[in-house]
Amino acid sequence: MHNFKYKHFIKIILFNILIMSIYCTKEIHVQYQVNAANIYESKAQKFKNKNEAEYISILYTSLYQKAIDPMELFQAQSVLYSIGDQNVAKEMLLSGYFNNPKIIIPSNADMRKDIPAFITETYKRFYLRYPSEAEKVYFTNYIKNNPEVTVELIYTAFSTSDEYSFY
Amino acid sequence: MRRKEFIKRSTLTVGAGIVAPYILPSGRLFAKSGIEKAEHVVMVMFAGGVRQQESILGRYLEDSQGVSGVAGNIMPNLFNGNAPTKKIVYGQDIPGQTRGSDPIPRLLTDALANKGMTFNEVRAQSAGHYVGLNTLLTGSVSTAQGLKTRPLSPTIFEYLRKHRGFKATDCWFVGNGIGNSTPLLNASTNESYGLNFGANMFIPPIAFGSYGQNTLSNSKAYSNNELKPMYEMKNFLNNSFALENSRQTTIKNTDDERTHIKEFMRATYTKQSLGQIAMPPAASSNDAFNVAYSAEILKEFKPKMLAVNISEVDGCHSNFTGYLRSLHRADHITGWLYDYIQNNIPEMKDNTVFIVAPECGRNLNPNPILDENDWMAFDHSDANSLRVWSLMVGKNVPKISVGSEGNPIGRLTDLVPTIADIFGVYDDVMNSGFIDPMAMSQFLRV
């Protein structure tokens, strides 16, 4: 009887150790972060052409601040393939995006409140680089001298330009 | 200045202004090296591998399925000859009757073969679709041409834009799908020509199909004036980026041309939603869709050169009955397109040369695949696949029929020189160094 109790006691201890070794592990705190991305120092560093899927998904995310639905991406990609002049296709695509009220872009009033800041932000947003002094001066003067210029037109010019097609 | 001298100088100035040389993109002064035969060319790339036997020879089931007494012409808009009288399966369906028992009525009062130049037996340079399409558009034998790449030799569009000075919206390629290399056929990778001289292109089943509707029909309508600042800013950005020619990724239209194309697309989506797109009456296939939108492009832009590709005949790999139906419909929609130009586009009526030619033929012997009628299917890889025909009708095209099975005349690579001849730039194109050395204008072959 005594022998049985002792054996039984040892078994229970071993079983508990086994359970504890399986279920009691040290908690690991995982923290995900975004890697720091370098801003281009010069447009000359861009030599790879974005394919249609890259172009559309980057553009969509930039304008709506969320990822594009895969089916919508597939359809838009196919449509870009089906039109000879990519500028025509992209300008049409863009004007469709601007017609969607869910788009997240600055207002024209915001743009005109601080034009230099808007230009810098636009260059960073689309070209991932800072504007040169000449570029800043051109756009500052152009926006100031042309009251009909809107954020929509500026964004269309940037996102259908040659530089935006490269990375 | 004395009065006499003033008049003399003004007359000279005005005269010089009128005859002032027009510098072409090729760097040449003046455009023409020959006399222009017509102002427009429309070419139907017909239709995905067509056997001589069922098309121009009018043999129906005689030379394919071992059935006798069933010869007949199932392409009444293109060729002469009575329709078959037995085993009719290529027509429209009538409830309660054998499938396809009602042939589509002929649209044209006279077959195209009676109106112009028929080359009855032409040598194709390839038994494959893509090289065949390349041949039709480049005039080159394209032996080194890879798939999913742009043509290596310049296309007819590039020749015409460079040597004849046509603008981008003067040249159109209408493809039938975005698979394989089709959407790359509007321009070559040739360094002396390339995208800068390429044609505009639509793949209507996508651009104007449900994908196009979902993606682009919501686009805003801007006027030319509204877009002007956008184009100015964009031109500044592009000049600043200074993309070299070798890195160009698209053909280029002028700002006005781009606006025109966008207006056309928006108007077409609207017409589509109102059911106002003119369609061939008895066909609703992808090919019919393609031809209908070609007609819309022709009506809007009156292009100098438009090539449209249709391909549903290729179903012959596994379905001979389907092939016969597609062939009959391809004839119908081609006849419809010709008729549409004559009756709906006065600027092109009697001023257009209309060309029809298959890109390749099909095998003499069948593969073992049987269809619903137990008829055998045909692939394309043997010598019979290199047998094709071509038709050309329109302004300044003589009425003549040449060649036969025992006497083949001409090559598919002849079509690019022929089109160059029509537009008066034959020498420029032939001397480019990229044309099949055995090719020549069909006008010179007869």
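Per chain, numbering begins at 1; letters A, B, ... match sequence-line order. Values in this document were obtained by computation on a predicted structure and should not be read as measured data.
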Which one wins on heavy-atom pair count under 4.5 Å against chain A: Asn200(B), Leu184(B), Thr249(B)?
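Among the listed options, the one with the most contacts to chain A is Thr249(B).
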side-chain contact (heavy atoms from CB on, under 4.5 Å) between Glu148(A) and Glu226(B), worked out
CA-CA 8 Å; Glu148(A) 74 278 12; Glu226(B) 284 172 310; over 6 Å; no
Gap separating the [atom1] atom of [X] from the [atom2] atom of [Y], nearest 0.5 angstrom:
{"X": "Ile154(A)", "Y": "Lys234(B)", "atom1": "CD1", "atom2": "NZ", "result": "15.0 Å"}
{"X": "Leu93(A)", "Y": "Leu216(B)", "atom1": "CG", "atom2": "CG", "result": "6.5 Å"}
{"X": "Ser95(A)", "Y": "Lys262(B)", "atom1": "OG", "atom2": "NZ", "result": "7.0 Å"}
{"X": "Gln77(A)", "Y": "Thr215(B)", "atom1": "CD", "atom2": "OG1", "result": "11.0 Å"}
{"X": "Ile206(B)", "Y": "Ser78(A)", "atom1": "CD1", "atom2": "OG", "result": "5.5 Å"}
{"X": "Leu237(B)", "Y": "Ser159(A)", "atom1": "CG", "atom2": "OG", "result": "10.0 Å"}

Testing the 3.5 Å rule here: is there a donor-acceptor pair between the side chains of Tyr222(B) and Glu91(A)?
no
Checking Ser240(B) against Glu135(A): is there a side-chain donor and acceptor pair closer than 3.5 Å?
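Short answer, yes.
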Can you name the closest pair of heavy atoms from [X] and [Y] and give their distance?
{"X": "Ile251(B)", "Y": "Gly84(A)", "result": "CG1-O, 3.8 Å"}
{"X": "Met230(B)", "Y": "Leu153(A)", "result": "CG-O, 3.4 Å"}
{"X": "Tyr142(A)", "Y": "Pro229(B)", "result": "OH-CA, 3.1 Å"}

Please report the C-alpha distance between Ile83(A) and Ile203(B) in whole Å, then the side-chain angles of each, then the deciding distance to 0.1 Å, and finally whether the side-chain contact (heavy atoms from CB on, under 4.5 Å) criterion is met.
CA-CA 7 Å; Ile83(A) 298 171; Ile203(B) 308 290; over 6 Å; no
Given Met233(B) and Thr156(A), is the side-chain contact (heavy atoms from CB on, under 4.5 Å) satisfied, shown in steps?
CA-CA 9 Å; Met233(B) 290 184 283; Thr156(A) 304; over 6 Å; no
Pick whichever of [options] has the most heavy-atom pairs under 4.5 Å with chain B.
{"options": "Gln86(A), Glu163(A), Glu72(A)", "value": "Glu163(A)"}
{"options": "Val88(A), Leu94(A), Leu80(A)", "value": "Val88(A)"}
{"options": "Ser161(A), Ser165(A), Ala89(A)", "value": "Ser161(A)"}
{"options": "Tyr127(A), Tyr155(A), Phe98(A), Tyr138(A)", "value": "Tyr138(A)"}

Any donor-acceptor pair under 3.5 Å from [X] side chain to [Y] backbone:
{"X": "Ser219(B)", "Y": "Gly96(A)", "answer": "no"}
{"X": "Asn99(A)", "Y": "Asn218(B)", "answer": "yes"}
{"X": "Asn238(B)", "Y": "Asp162(A)", "answer": "yes"}

What part of [X] is in contact with chain B, defined as an atom under 4.5 angstrom from a non-hydrogen atom: side chain, backbone, both or neither?
{"X": "Tyr123(A)", "answer": "side chain"}
{"X": "Phe47(A)", "answer": "both"}
{"X": "Asn49(A)", "answer": "side chain"}
{"X": "Val149(A)", "answer": "side chain"}

Check the pair Lys252(B) / Asp85(A) against side-chain contact (heavy atoms from CB on, under 4.5 Å), numbers first and verdict last.
CA-CA 6 Å; Lys252(B) 292 266 162 76; Asp85(A) 185 341; 5.7 Å; no
Can you confirm if the NZ or CZ of Arg247(B) lies within 45° of the ring axis of Phe166(A) and under 6.0 Å from the centre of its six-membered ring?
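Because its charged atom sits under 6.0 Å from the ring centre and within 45° of the axis, Arg247(B) does stack over Phe166(A).
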Exceeds 12 heavy-atom contacts within 6.0 angstrom, atom NZ of Lys50(A):
yes
Give a yes or no on this: more than 12 heavy atoms of other residues, nucleotides or ligands lie within 6.0 Å of atom NZ of Lys271(B).
yes
Would you call Glu152(A) and Lys220(B) a salt bridge, taking side-chain N to carboxylate O under 4.0 Å as the test?
yes
Show, in sequence, the C-alpha distance, side-chain angles and deciding distance for Phe139(A) and Phe236(B), and conclude whether the ring-ring contact (aromatic ring centres under 6.0 Å, His included) test is met.
CA-CA 10 Å; Phe139(A) 274 103; Phe236(B) 167 81; 5.6 Å; yes
Residue part contacting chain A, namely of Tyr231(B), when any heavy atom lies under 4.5 Å
side chain
Does any backbone or side-chain atom of Asn253(B) lie under 4.5 Å from a heavy atom of chain A? Answer side chain, backbone, both or neither.
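For Asn253(B), backbone and side chain are both near chain A.
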